[in-house]
Amino acid sequence: MRVAVLGFGGIGAPVAHALARGEVPGAELAGVVRRDPASGADGLAVLGLDEAVERADLVAECAGQRALAEVGARAVGAGRDLLVVSMGALADDAVFEALVAPAPGRVHLCAGAIGGLDLLAASARMGGFGQVRITTTKAAASLVQPWMDAGLARRLREATEPLELMRGPARKVTRAFPRSANVAAAVAFAARDWDAVEAVVVADPSVERTSHVIEAHGTAGDYRFEIRNRPSERNPASSAVVPFAVLHAIEALAGRTMVFR
Ligand SMILES: NC(=O)c1ccc[n+]([C@@H]2O[C@H](COP(=O)([O-])OP(=O)(O)OC[C@H]3O[C@@H](n4cnc5c(N)ncnc54)[C@H](O)[C@@H]3O)[C@@H](O)[C@H]2O)c1
């Protein structure tokens, strides 16, 4: 399976290098798609989007919600499979409709920074949830967003105590924190219900781990998952484990058997 990696940042770069080193049986790197192709990719092949769609069997999106919105439908429309990490983009109905429409390529969702999605999905199928909440706590400075006024941005950069930044429907929260709350969209997809999922984002100046606490109460039972991830050194808004979640998903798509999905 030839894989084009979209984006060469905290997630895309280690994924592309691992593929190039042959670390995923059944998969090889077709190339990397960069917003600015002239910046290169540590000597790895850089492809234009059209070339990538032509040469790859799978496009692995590691570039952000906007990039997914811009290029996802083109990849699946051309018959390429698409692996998504920036799934908060699917909170936008137009993006969702474009990617869910019948197409020759298939869309696959990567679990990314969290787990327990398989059990939530099974539970949703059994009878759904009365209530689901995901509480994400991250290093305060990594949560500064372009829509924040200067006062709030400064409060985050200079914070000395935890601050609850947003609490609301997963759809709203994942769009407000596009680099930090894709997990809220992942939980909503697993629960099959955007409206049942409340997302909370807490900025904490003293955290050494990014935490996600998922609490769900439904017909099948009561669940609480607590995930504490080491932040990525390259991009503290992402967790270090995410490239490995992408590689795991690629390995499963490349046909490896006996693998959790
Ligand atoms: N599902 C999850 O659990 C999860 C966790 C962390 C991050 N994410 C998502 O993954 C995205 C990438 O994370 P990261 O840490 O690698 O971010 P990053 O900022 O380090 O890297 C993103 C790279 O993508 C590039 N890019 C943006 N638009 C592009 C386009 N149209 N074509 C090609 N390249 C493009 C950027 O220039 C940048 O180099 C985040 O924005 C977030 O949406 C999801």
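In this text the structure is predicted, and so the values were computed from the model without any measurement. In each ligand, atom 1 is the first atom listed, and ligand 1 is the first ligand listed.
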Are there any protein N or O atoms under 3.5 Å from the N or O atoms of ligand 1? List them with distances, or say none.
from: ligand 1; atom 1: 1 (N); to: Val85; atom 2: O; distance (Å): 2.9
from: ligand 1; atom 1: 3 (O); to: Ala113; atom 2: N; distance (Å): 2.8
from: ligand 1; atom 1: 10 (O); to: Ser86; atom 2: OG; distance (Å): 3.4
from: ligand 1; atom 1: 15 (O); to: Asn235; atom 2: ND2; distance (Å): 2.8
from: ligand 1; atom 1: 15 (O); to: Ser238; atom 2: OG; distance (Å): 2.6
from: ligand 1; atom 1: 16 (O); to: Gly10; atom 2: N; distance (Å): 3.2
from: ligand 1; atom 1: 16 (O); to: Ile11; atom 2: N; distance (Å): 2.8
from: ligand 1; atom 1: 17 (O); to: Asn235; atom 2: ND2; distance (Å): 3.2
from: ligand 1; atom 1: 19 (O); to: Arg179; atom 2: NH2; distance (Å): 3.2
from: ligand 1; atom 1: 20 (O); to: Gly10; atom 2: N; distance (Å): 2.9
from: ligand 1; atom 1: 28 (N); to: Arg35; atom 2: NE; distance (Å): 3.4
from: ligand 1; atom 1: 28 (N); to: Arg35; atom 2: NH2; distance (Å): 3.2
from: ligand 1; atom 1: 34 (N); to: Arg35; atom 2: N; distance (Å): 3.4
from: ligand 1; atom 1: 43 (O); to: Ser86; atom 2: OG; distance (Å): 2.9
from: ligand 1; atom 1: 43 (O); to: Pro178; atom 2: O; distance (Å): 3.1
from: ligand 1; atom 1: 43 (O); to: Asn182; atom 2: ND2; distance (Å): 2.8

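By the rule that hydrophobic residues join a cluster once side-chain heavy atoms approach within less than 4.5 Å of another member, Val71 and Val5 end up as members of separate clusters.
For the atom pair Leu19 CG and Ile250 CD1, the distance stands at 4.5 Å (nearest 0.5 Å).
Using a 4.5 Å heavy-atom threshold, the side chains of Leu152 and Gln145 count as separate.
Looking only at distances, no side-chain donor or acceptor of Ser180 sits under 3.5 Å from a matching main-chain atom of Phe177. Listed for the Arg34 side chain is no donor-acceptor partner under 3.5 Å among the backbone atoms of Val46.
Residues passing the side chain to side chain contact (heavy atoms under 4.5 Å, CB included) test with Ser86 are Glu61, Gln65, Asn182, sequence neighbours excluded.
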